[in-house]
Amino acid sequence: MKRTIPLFISAVTGFVLIGTAFIPKFVDWGNDAMAWFNLLAAFAFILGGGNLLKMQLQKISAQQPGWGYAAVTLIAFFITLFVGLAKVGVNPSVKFPEFAWSGEFQEEGSAFWWLFEYIFYPLSATMFALLAFYISSAAFRAFRAKNTEATILLSIAVIVLLGRTYAGVWLTGWLPNEPIIGSSGITYSDFHLPHLSQIIMDDFTTPGMRAITIGIALGVASTSLKVLLGVDRSYLGSDQEA
Amino acid sequence: MKQSTLIWTMLMVFGGLSLIFIQFNRGKGEVYVREVPVEAKASSKTSPEQTYRWSTYQQVPEKEKGKPGVSFSLSRTLGLWVAAFCTLAIFSFLYGDNPLYKFTEAVFVGVSAAYAMVVAFWTEIVTNLFAKLFPGFARMSFLPDISEDVQSDLLYLIPLVLSVLLLWRLAPKGSWIARWPLAFFIGATAGIRLISYLEADFIGQIQNTIMPFIVFDSKGSFLWIESLRNTIVILGVTSCMVYFFFSIEHEGVVKYISRLGVWFLMVTFGASFAYTVMGRIALLSGRLDFLFNNWLGI
């Protein structure tokens, strides 16, 4: 029962949804399943929050190293949760002013908006911005033109980087708009870095991306079939679970 | 404490204090808002006519300070300083792992987890579950714009039960029961993705690659640039696919074709790398712009 029923549920759900794609009358089933799927995903966030709570409380009660930071996490978590769920500082909707809870939970000026604007956004943006330093540092250490492939990667990265910024215009903007070889139609200005970068993106990157996309699609299809047919059961975890 | 740590800490503290001093003296780092009065009439025709009034506040540039209706906003000014502190605290990681960074990291974890929960609650659970199961109650409480004709959809009891089973995962006993909703989740993902990926990505990309090697315009003259571009794309996709075909030995002609495929892939990876770097640098410049422009007003 612990493993058979889940396998049955996943197989039935998956094959029914595949079937609805071929029978127009049952297309609505697919839409319903998507709505249910989104609801389960929303509850998964609650599960995630509950799990975070459990882990941080365990850390605090065991007085593990850094338990103070776990307390900070919990305080931040509860404050955000409270102001978001209680719609602190949210005005009612103009259309329904007599309903105190009718306003948008992310309304400008509300406490939840404040937390997003002045804490969540600066923190997440700076976290990702920090990666700029580490990417540059890693690239500087690792990128060496050791062989043909590495040289291609390095030179294309440099051309695209320069071509997509003002540096490209500044470095090659002086190239004249005159033909190179007779009436072939090729001019010196075709070698402007922004133009070269565009050619690379349109004609040389497209085939690579296309092949990767086709590969991903085949991978997704085969993995899905493995899951639906019960060949891949890794999502069920181990039998030792309580 | 090590000597270098002491020096850096003192530098950071003095730097921070002098920044605060400069800010207060120059009057920068302040946010001003304009009051926008709102007036609304009760929506219900049956209840006595009543007018509701409140104010919203719109942020204005600092130069509008002193104009009628414009006032200093303590909460937003405080927010600006908190955002600047958060930004600097995260950047302090460049110097090394430190308590300031760990503190903001802990805040980030807590806020982001709760943020995701709140968004999921208001956008999915209230709008798509609560409103479908109890439309009358939802109309009276959170969503007054639901039509009175809407009847409760009992089919939504199924996702409700599955969701409760999912939360069972947190229980000390019987957490295996959470596998049932998880199985639905996995099955639905597999079913939907299988069709959509095959349709949009597999067939779609192959369709886009089927194009003429030789291109002529409407007058019948040969367009060599377009022909060359098409040829490059077709050869590129084919050679990359040959490289991905691991069931055969890459020897003889196949070896050369797959090598060409690797070159095309290297071009793709090089361009992707450049784009990733540019994205991060853009974010970095955004944060520096916030610090220098919005906060310090330089």
Side-chain angles (χ1 to χ4, degrees), chain A residues 2 6 9-10 13-14 17-18 21 33 36-37 39 42-43 45 49-50 52 69 72-73 76-77 80-81 84 91 94 96-99 101-102 105 118 120 122-123 126 128-129 131-132 149 152-153 156-157 160-161 203-205 207-208 210-211 213-215 217 220-221 224 227-228 235 241, chain B residues 40 42-43 52 54 79 82-83 86-87 90 106-111 113-114 116-118 120 122 124-125 142 144 159 163 166 170 176 179 183-184 186-188 190-191 193-195 197 201-202 205 229 232-233 236-237 240-241 244 264-268 270-271 273-274 280-281 283-284 287:
Chain A
K2 284 184 182 178
I9 293 173
S10 71
T13 315
L17 284 176
I18 291 171
W36 295 5
F37 179 89
L39 273 171
F43 272 92
F45 279 121
L52 176 86
Y69 297 115
V72 171
T73 302
F77 177 78
T80 312
L81 199 62
N91 293 306
V94 180
F96 306 98
E98 69 270 37
F99 291 93
W101 292 84
S102 59
F105 71 98
Y118 297 120
F120 181 76
L123 284 175
T126 317
F128 285 110
L131 290 179
E149 285 81 10
I152 293 173
L153 195 145
I156 293 296
V160 173
L161 259 176
D203 300 333
F204 291 91
T205 306
R210 233 170 234 184
T213 312
I214 291 170
V220 169
S224 300
V227 167
L228 297 183
Y235 67 95
E241 280 184 79
Chain B
S43 62
Y52 295 82
W54 65 87
V82 168
C86 289
T87 306
I90 297 289
V107 170
F108 182 52
V109 172
V111 170
M117 274 176 73
V118 170
W122 287 114
E124 282 297 329
I125 296 172
F142 306 117
S163 305
L166 187 68
L170 294 169
W176 58 270
R179 284 174 182 169
F184 172 81
I186 299 285
R193 296 282 182 268
L194 190 137
I195 295 293
Y197 269 78
D201 288 352
F202 184 68
Q205 295 296 340
R229 290 178 71 176
I232 290 170
V233 171
V237 175
C240 289
M241 293 308 294
F244 285 137
F264 269 100
L265 286 172
M266 285 301 141
V267 172
T268 310
F273 172 77
R280 302 295 176 216
I281 298 283
L283 267 177
L284 178 66
R287 292 325 294 158

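Bear in mind that the values here come from a model prediction, so they are computed numbers and not experimental data. Below, read A as the first sequence line, B as the second, and so on, with proteins coming before strands; counting in each chain starts at 1.
- Within the 4.5 angstrom heavy-atom criterion, only side-chain atoms of B:F273, from C-beta onward, approach chain A.
- If you measure heavy-atom distances from B:R287 to chain A, the contacts under 4.5 Å come from the side chain alone.
- The greatest number of non-hydrogen atom pairs below 4.5 Å with chain B, out of A:P122, A:A221, A:G208, is found for A:P122.
- Chain B forms the most heavy-atom pairs under 4.5 Å with one residue out of A:I214, A:V94, A:L52, and that residue is A:I214.
- Contacts of B:F108 with chain A are made by both backbone and side-chain atoms, with heavy-atom separations under 4.5 Å.
- Checking each of B:I90, B:L283, B:L284 against A:T126 for a side chain to side chain contact (heavy atoms under 4.5 Å, CB included) leaves exactly one that passes, namely B:I90.
- Of the two parts of A:L39, the backbone and the side chain both hold a non-hydrogen atom closer than 4.5 Å to a non-hydrogen atom of chain B.
- The contact between A:F96 and chain B is made by backbone and side chain atoms together, counting heavy-atom distances below 4.5 Å.
- Between B:F142 and A:W101, the ring planes are perpendicular. Angles over 60° get that label, and only those under 30° would be called parallel.
- By number of non-hydrogen pairs under 4.5 angstrom with chain B, the leading residue of A:F204, A:Y118, A:F105, A:F45 is A:Y118.
- Contact count against chain B (heavy-atom pairs under 4.5 Å) is highest for A:F77 among A:F77, A:F120, A:F128.
- With a 4.5 Å cut-off on non-hydrogen atoms, A:A21 touches chain B through its side chain but not through its backbone.
- Annotation: maximal heavy-atom pairing with chain A below 4.5 Å, among B:W122, B:Y197, B:F202, B:F244, occurs at B:W122.
- The contact between A:Y69 and chain B is made by backbone and side chain atoms together, counting heavy-atom distances below 4.5 Å.
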Verdict with supporting geometry, B:M117 and A:L81, side chain to side chain contact (heavy atoms under 4.5 Å, CB included): CA-CA 8 Å; B:M117 274 176 73; A:L81 199 62; 3.9 Å; yes

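- If you tally non-hydrogen atom pairs under 4.5 Å between each of A:L17, A:L131, A:V160, A:D203 and chain B, the highest count goes to A:D203.
- The candidate with the highest count of non-hydrogen atom pairs below 4.5 Å against chain A, out of B:A116, B:G236, B:A183, B:A188, is B:A183.
- With hydrogens and angles ignored, the 3.5 Å screen pairs no side-chain donor or acceptor of A:T73 with any backbone N or O of B:G110.
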